[in-house]
Amino acid sequence: MLLLNTLRNEKVRVLAGLTKRQVPNAEATVDRIVALDDQRKAVQTSTDALLAERNRLSGEIGKLMKAGRREEGNAMRDKVNAIKEEVTKGEDELNAVKAELEDLLITLPNVPHQLVPTGVTEEDNEIFRPFDGELPTLPEGAKPHWDLADEYGIFDLELGVKTTGAGFPVFTGQGARLARGLVNYFLDFNTAAGYTEFQPPLLVNEATARATGQLPDKEGQMYHVTEDDLYLIPTAEVPLTNLYRDVILDEKDFPVKLTGYTPCFRREAGSYGAHVRGLNRVHQFDKVEVVQIVHPEKSYEILDEMVAHVGKLLDELGLPFRILRLCGGDTGFTSAMTYDFEVWSAAQKRWLEVSSVSCFETFQSNRLKLRYRAEKGTELAHTLNGSALALPRIIAALLENNQTEDGVTLPEVLHGYLGMTKLKKIR
RNA sequence: GGAGGAAUGGCAGAGCGGUUUAAUGCACCGGUCUUGAAAACCGACGUGGUGAAAGCCACCGGGGGUUCGAAUCCCUCUUCCUCCGCCA
């Protein structure tokens, strides 16, 4: 959620940013919000004055009663009762104004960073770091990962349909082991870089989903357990970042670095077609996430650090990748700047998104009330997160890019985790 | 699942209808003393709203109510503790 002071003091920058995202009626909305906030202040001030008067008179009554001057006390009660009615009116108005303000404020996405390119769709994303090597060329008859999955017994989509439905792959045999090995490898890689590992709940309450911005914006993307009013997490970002909801840190606590493995659940409503075959897009998938909570002055430096971290991970896996800087229209609602990592899927001959690394500035911390003690008072911290990494498309790329006559060769970093150097055909 | 108890400032812990921003202790911070440190002493020491400031307002687990006035009384939800039962 954007800060009211930002809307007031940096209107030009805010509007320019919102225009990059093609937010309709941005100026009218901002003006309306500021007007509502003015109204809020006015009503609050007058109501507070009434309350002050009530408190003062109530104190008087106490003294009169103690002194045994009952009649004077009773007369004053009537006076206070009259004030009380006005207070109630004022509080009702205040609540109504606050609610409208909140409803409007929550519709505004984050203001993109200055360097974020203008644009609407993924076509407009900037190729921030192109792949500079040679893309692997596969032998004649190379197969996409869904075919390889059958030959190698990696995962079974039909079993998933039987137990649950489409988009819930069942990993099998050496495929299940590959997934487990990747999770362990990623977690070890992250903790070696100073991230502390957590195992958070997979279901979260409404307050948690709101604080990181999944609600109300992405309501339809989450599975909702209506009976208990809980949501299945679409990413570990949600519970991990919320560990620090309503927290006031000291500057010396920075940077807070968290990592965690969780399954992620996404309804992916409305995504169908050729590009969702195999593991390209599924409803449940494994992901290891990294989160940082940092000093506002450091956040973009840290963003670069996190981008380098993910890049190193992909280098070690030996996967060709490129880095995009997302344009305004493609940047997530809550993010100020996002880098996407895409690995080359050699058999499908297309780039697959495997990680998204974002800086949210104060957009999340404002809703989280995540602050630190500054020289004078408290300030909102900055939050960042990124995938390191999401599994399915990594598995897809490993299978496709490394397929040979006698098996899928595994990158050296995984040998120890899997107890093998290559995946073997089972049929 | 049954019975009882409890939730107060970073921590511990008073207060149980009216001068409560909330006793006291510890921790932390500034200072005096000291070569330095400790001890001792002095001071400061929650968050948010409003305001130039003084000040004013709200917050004692969440929500609602009673009252002129609520940390204090009532209702409700949540969490934790103790005992009993059941169980990975």
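All values below come from the heavy atoms of this structure, side chains included, with hydrogens, waters and symmetry mates left out. Not measured: the values here are computed from a predicted model. The chains referred to below are lettered A, B, ... by the order of the sequence lines, with proteins before strands, and numbering in each begins at 1.
- Taking atom C1' on both B/U21 and B/C60, the two are 11 Å apart, rounded to the nearest angstrom.
- In this structure, the ring of A/Y339 has its center less than 6.0 angstrom from the ring center of A/F128.
- Using a 4.0 Å cut-off between charged nitrogen and carboxylate oxygen, A/D147 and A/R277 do not count as a salt-bridge pair.
- Residues from residues 54-62 of chain A that place a heavy atom under 4.0 Å from any atom of RNA chain B, listed by number: A/R54, A/N55, A/S58, A/I61, A/G62.
- The separation of B/U24 from B/G61, taken at their C1' atoms, amounts to 23 Å, rounded to a whole angstrom.
- The side chain to side chain donor-acceptor pair (under 3.5 Å) search around A/D246 returns none, not counting sequence neighbours.
- Taking atom C1' on both nucleotides, B/C77 is separated from B/A53 by 43 Å, rounded to a whole Å.
- Going from the C1' atom of B/G9 to that of B/G48 covers 15 Å, rounded to whole Å.
- Under 4.0 Å is where a charged nitrogen must lie from a carboxylate oxygen, and between A/K79 and A/E60 no such pair does.
- Atom P of B/G55 sits at a distance of 13 Å from the matching atom of B/A22, rounded to the whole Å.
- Here chain A contacts RNA chain B (any atom closer than 4.0 Å to a heavy atom, that is under 4.0 Å), and the contacts span B/G18 to B/G69 from 5' to 3'.
- At a threshold of 4.0 Å, the pair A/K143-A/E151 counts as salt-bridged, since one of the basic side-chain nitrogens sits closer than that to a carboxylate oxygen.
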Evaluation steps, salt bridge (charged side-chain N to carboxylate O under 4.0 Å, His left out), between A/R325 and A/D340 = CA-CA 6 Å; A/R325 177 148 56 195; A/D340 269 8; over 6 Å; no
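- Taking atom P on both nucleotides, B/C45 is separated from B/A6 by 33 Å, rounded to a whole Å.
- Counting only residues at least two apart or on different chains, the ring pair (Phe, Tyr, Trp, His ring centres under 6.0 Å) pairs with a member in residues 158-180 of chain A are A/F155-A/F171, A/F168-A/H283.
- Ring pair A/H295/A/F254 is perpendicular by interplanar angle, where above 60° counts as perpendicular and below 30° as parallel.
- Map A/E379 and A/D48 each onto its nearest nucleotide of RNA chain B; the residue landing nearer the 5' end is A/E379.
- Using a 4.0 Å cutoff on non-hydrogen atoms, the parts of residues 75-91 of chain A near RNA chain B are A/R77, A/V80, A/N81, A/K84, ordered by number.
- The residues A/E53 and A/R56 are annotated as salt-bridged, a charged nitrogen and a carboxylate oxygen being separated by less than 4.0 angstrom.
- If you look at A/H382 and A/F360, their ring centroids are not closer than 6.0 Å.
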Test A/Q199 against A/Y261 for side-chain hydrogen bond (donor to acceptor under 3.5 Å, both in side chains), laying out the working first.
-> CA-CA 7 Å; A/Q199 248 185 52; A/Y261 152 70; over 6 Å; no
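- We find that A/E100 and A/R32 are joined by a salt bridge, their nearest charged nitrogen and carboxylate oxygen being less than 4.0 Å apart.
- Atom name P, nucleotides B/U47 and B/G10: the rounded distance is 9 Å, in whole Å.
- At a threshold of 4.0 Å, the pair A/D315-A/K312 does not count as salt-bridged, since none of the basic side-chain nitrogens sits closer than that to a carboxylate oxygen.
- Atom NZ of A/K11 has more than 12 neighbouring heavy atoms from other residues, nucleotides or ligands inside a 6.0 Å radius.
- Looking at heavy-atom distances under 4.0 Å, A/T47 makes no contact with the nucleic acid at all.
- In RNA chain B, runs of at least 3 stacked Watson-Crick or G-U pairs (N1-N3 plus N6-O4 or O6-N4, or N1-O2 plus O6-N3, all under 3.5 Å) give these stems: B:1-7 with B:78-84, B:10-12 with B:24-26, B:29-32 with B:40-43, B:46-50 with B:55-59, B:61-65 with B:73-77.
- Here, B/A3 and B/G63 have their P atoms 28 Å apart, quoted to the whole Å.
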